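For reference, the structure discussed in these notes is given below.
No experiment lies behind these values; they were computed from the predicted model shown.
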Amino acid sequence: MDARSPGTAAGQSAVEKSAIRKVAVRLVPFVALMFFINYLDRTAIGFASPNGMNDDLALSAAQFGFASGVFFIGYILLEVPSNLALHRFGARRWLARIMVSWGIVALLFTWVGNFEQLVVLRFLLGVAEAGFFPGAILFLSLWVPAQHRSKILALFYLAQPLTTVIGAPLAGLLIQQEGVFFGLEGWRFMFFGVAIPAIIVGIIAWFYLKDSPRDAKWLTTEERDWLTNALETEKAATSKQSGHVSIRHAFSSGRVWTLSFIYFGFIYGLYALAFFLPTIIEGFQSEFGTEFDVFQKGLITAVPYVPAAIALYFWSRDATRRGLKTWHIVIPALVGAASIPLALFAGSPALTIAIIAITAMAIFSALPNFWTLPTRFLTGAAAAAGIALINTVGNLAGFSAPYLTGAIADWTGGFEVPMFVVGFFMLLSAILMLVLSRRGTTGNAGPAVDGHEVAVGTAPIGH
């Protein structure tokens, strides 16, 4: 009997569809909400920067960039240990712990008094958040077989662009509440307003999440059996194909390191936009003679992320339908590499935002598809370690992108050179993805998606 459960083909298909639909409805929105709060908390500093924080704390562009990026040092130091702890203790406990911890640290930003305190709190926020994102990816991957992962991860990843679509105007509204909460400046009240939800949702997560389909009472017996059997069969096939893949092997794998550097390029572009887009919009006022209030700036910041969310959904849907192909990742990387520097030559705010929207569409279209790759050749603790390592190396860009962007902007007097640097790293991601897909064509093929071979280093991705 196969992993799809007893019965006719039609019955099997019905159970499969029902099980995946319930996972998509029950788990993905909640984990996406956690991701929404996570991304909003870590990027809130970008909204505070041009709206009083830089002036009140006397920050230069380089200091702001350093404070923004130092988050990732703490994050990187504990990323792998945190994900291994999640594998050991279970996602429910560990993700809930992470959320409550970072919510408490995020709350302290309300009372930050100088550059040094800002740096310490950003570092501690990274320590508190370490392991959340790869843990969420691993958690969802443990609930659905490979052929459904692009769809599920795309729905999860929608939270990131929607964080800015909803979060930027929300941050603007909070910032406008100057002095209404114990006399706090607007940017301080904004930090307070985005920190509290993390604590509340973290507590709820402890009771709401389940560690595996076996524990899900909201699935029927047939659905639990199908998911459990399908996942165990897939795990056994991956183990047989790759042999025993240890944590040590995951750290020494050329596939893992190549994926890490590909991810680095995308994250470099993502955070250069996330942290400096509000500042770039602020510059429209002097460059083009326009005037915007804080709420309007928030709405403008959100504009590029609306088409990004739409592109993410349909691009990932295409990858699910066709099977993941090299160009599902390479084309977005090339588009992003070209569009970021092109924005420098736009002659109006509207055209600048339109080009930035293309960049955001490119980055977000690639990321959910990218994250289906590691779990095609890693399982168990090795998967936890490998995903964490990829995210760790990628998030080095989370530190270097804002710091280098700010430092180069200070040095050159503008954002032209920094944006060309962003374009270079995204071009490098495209090149590495092509190399990865063509290397070792005599190796064993990776697990199939909709009948197509997917490569992860030693096997070719379908073209």
Handout entry: Ser141 and Trp371, any side-chain heavy atoms less than 4.5 Å apart
Key = no
Completion exercise
All heavy atoms of Phe89 vs all of Arg93, minimum pair found to be O-NH1, 3.2 Å
Exercise for the section: Side-chain contact test, heavy atoms from C-beta onward, threshold under 4.5 Å: evaluate it for Tyr75 versus Thr392 and give yes or no. Expected result: no
Practice task
Flag the pair Lys22 / Thr220 as yes when at least one side-chain heavy-atom distance between them is below 4.5 Å, and no otherwise.
Solution key: yes
Completion exercise
In this structure, CZ of Arg317 is separated from NZ of Lys151 (nearest 0.5 Å) by 8.5 Å
Fill in the blank from the handout: d(Leu153 CG, Leu158 CG) to nearest 0.5 Å is 11.0 Å
Problem - Worked check of side chain to side chain contact (heavy atoms under 4.5 Å, CB included) between Leu124 and Leu108 - result: CA-CA 10 Å; Leu124 291 177; Leu108 297 178; over 6 Å; no
Completion exercise
Output for pair (Phe314 CZ, Met361 CE), nearest 0.5 Å, gives 11.0 Å
Problem - Expected output: side-chain Trp315 to main-chain Ala366 donor-acceptor under 3.5 Å - result: no
Practice task
Examine distances only and state if a side-chain atom of Thr372 and a backbone atom of Asn369 form a donor-acceptor pair shorter than 3.5 Å.
Solution key: yes
Completion exercise
Looking only at heavy atoms, the pair that brings Leu142 and Leu231 closest together is O-CD1, 3.1 Å
Handout entry: Min side-chain heavy-atom separation Arg122-Ile73 under 4.5 Å
Key = no
Exercise for the section: Output yes when a side-chain donor or acceptor of Ser316 lies under 3.5 Å from a complementary backbone atom of Leu312, and no otherwise. Expected result: yes
Problem - Side-chain donor/acceptor of Arg188 to backbone N/O of Thr110, under 3.5 Å - result: yes
Handout entry: Donor-acceptor under 3.5 Å (Glu223 side chain, Leu219 main chain)
Key = no
Completion exercise
Residues Met190 and Leu174: closest non-hydrogen pair is CA-CB, 3.8 Å
Exercise for the section: Over all heavy atoms of both residues, which pair between Pro145 and Ile20 is shortest? Give the atoms and the distance, please. Expected result: CD-CD1, 4.1 Å
Handout entry: Gly46 backbone acceptor or donor facing Ser49 side chain under 3.5 Å
Key = no
Side-chain donor-acceptor pairs under 3.5 Å in residues 95-105, sequence neighbours left out?
residue : atom : partner : partner atom : Å
Arg97   : NH1  : Ser101  : OG           : 3.3
Ser101  : OG   : Arg97   : O            : 2.9
Trp102  : NE1  : Asp41   : OD2          : 2.6

Exercise for the section: Could you check if a side-chain atom of Met53 sits within less than 4.5 angstrom of a side-chain atom of Phe47, using non-hydrogen atoms only? Expected result: no
Practice task
Please work out which of the three classes, parallel, tilted or perpendicular, describes the rings of Phe133 and Phe35, given edges at 30° and 60°.
Solution key: tilted
Exercise for the section: Begin with the C-alpha distance, continue with both residues' side-chain angles, and end with the deciding distance and a verdict on side chain to side chain contact (heavy atoms under 4.5 Å, CB included) for Glu129 and Phe71. Expected result: CA-CA 9 Å; Glu129 285 192 22; Phe71 163 93; 3.3 Å; yes
Practice task
Please work out which of the three classes, parallel, tilted or perpendicular, describes the rings of Phe66 and Phe115, given edges at 30° and 60°.
Solution key: tilted
Exercise for the section: Evaluate the criterion side chain to side chain contact (heavy atoms under 4.5 Å, CB included) for residue pair Ile267 and Ile363; output intermediate values, then yes/no. Expected result: CA-CA 8 Å; Ile267 295 301; Ile363 294 172; over 6 Å; no
Exercise for the section: Working to the nearest 0.5 Å, report the span between CG of Leu78 and CG of Leu84. Expected result: 11.5 Å
Practice task
Answer yes or no: is there a side-chain heavy-atom contact under 4.5 Å between Phe109 and Leu118?
Solution key: yes
Exercise for the section: Carefully, step by step, assess Tyr208 and Arg26 under the rule side chain to side chain contact (heavy atoms under 4.5 Å, CB included). Expected result: CA-CA 10 Å; Tyr208 186 83; Arg26 174 83 181 197; 3.4 Å; yes
Exercise for the section: Hey, can you tell me if Phe191 and Trp187 have their rings parallel, tilted or perpendicular (30° and 60° cut-offs)? Expected result: perpendicular
Completion exercise
Interatomic distance, CZ@Phe156 vs CD1@Ile137, rounded to 0.5 Å, equals 5.0 Å
Problem - Any donor-acceptor N/O pair, Ser82 side chain to Ala130 backbone, under 3.5 Å - result: yes
Practice task
Please tell me if the side chains of Pro161 and Val306 come closer than 4.5 Å, counting only heavy atoms from C-beta onward.
Solution key: no
Handout entry: Closest heavy-atom pair and its distance - Pro374, Ile390
Key = CG-CD1, 3.6 Å
Practice task
Can you measure from CD (Glu234) to CD (Glu232) and round to the nearest 0.5 angstrom?
Solution key: 11.5 Å
Handout entry: Beyond-backbone contact of Phe36 with Ile166, side-chain heavy atoms, under 4.5 angstrom
Key = yes
Problem - Smallest separation among heavy atoms of Gly90 and Asp211, with atom names - result: C-OD1, 3.4 Å
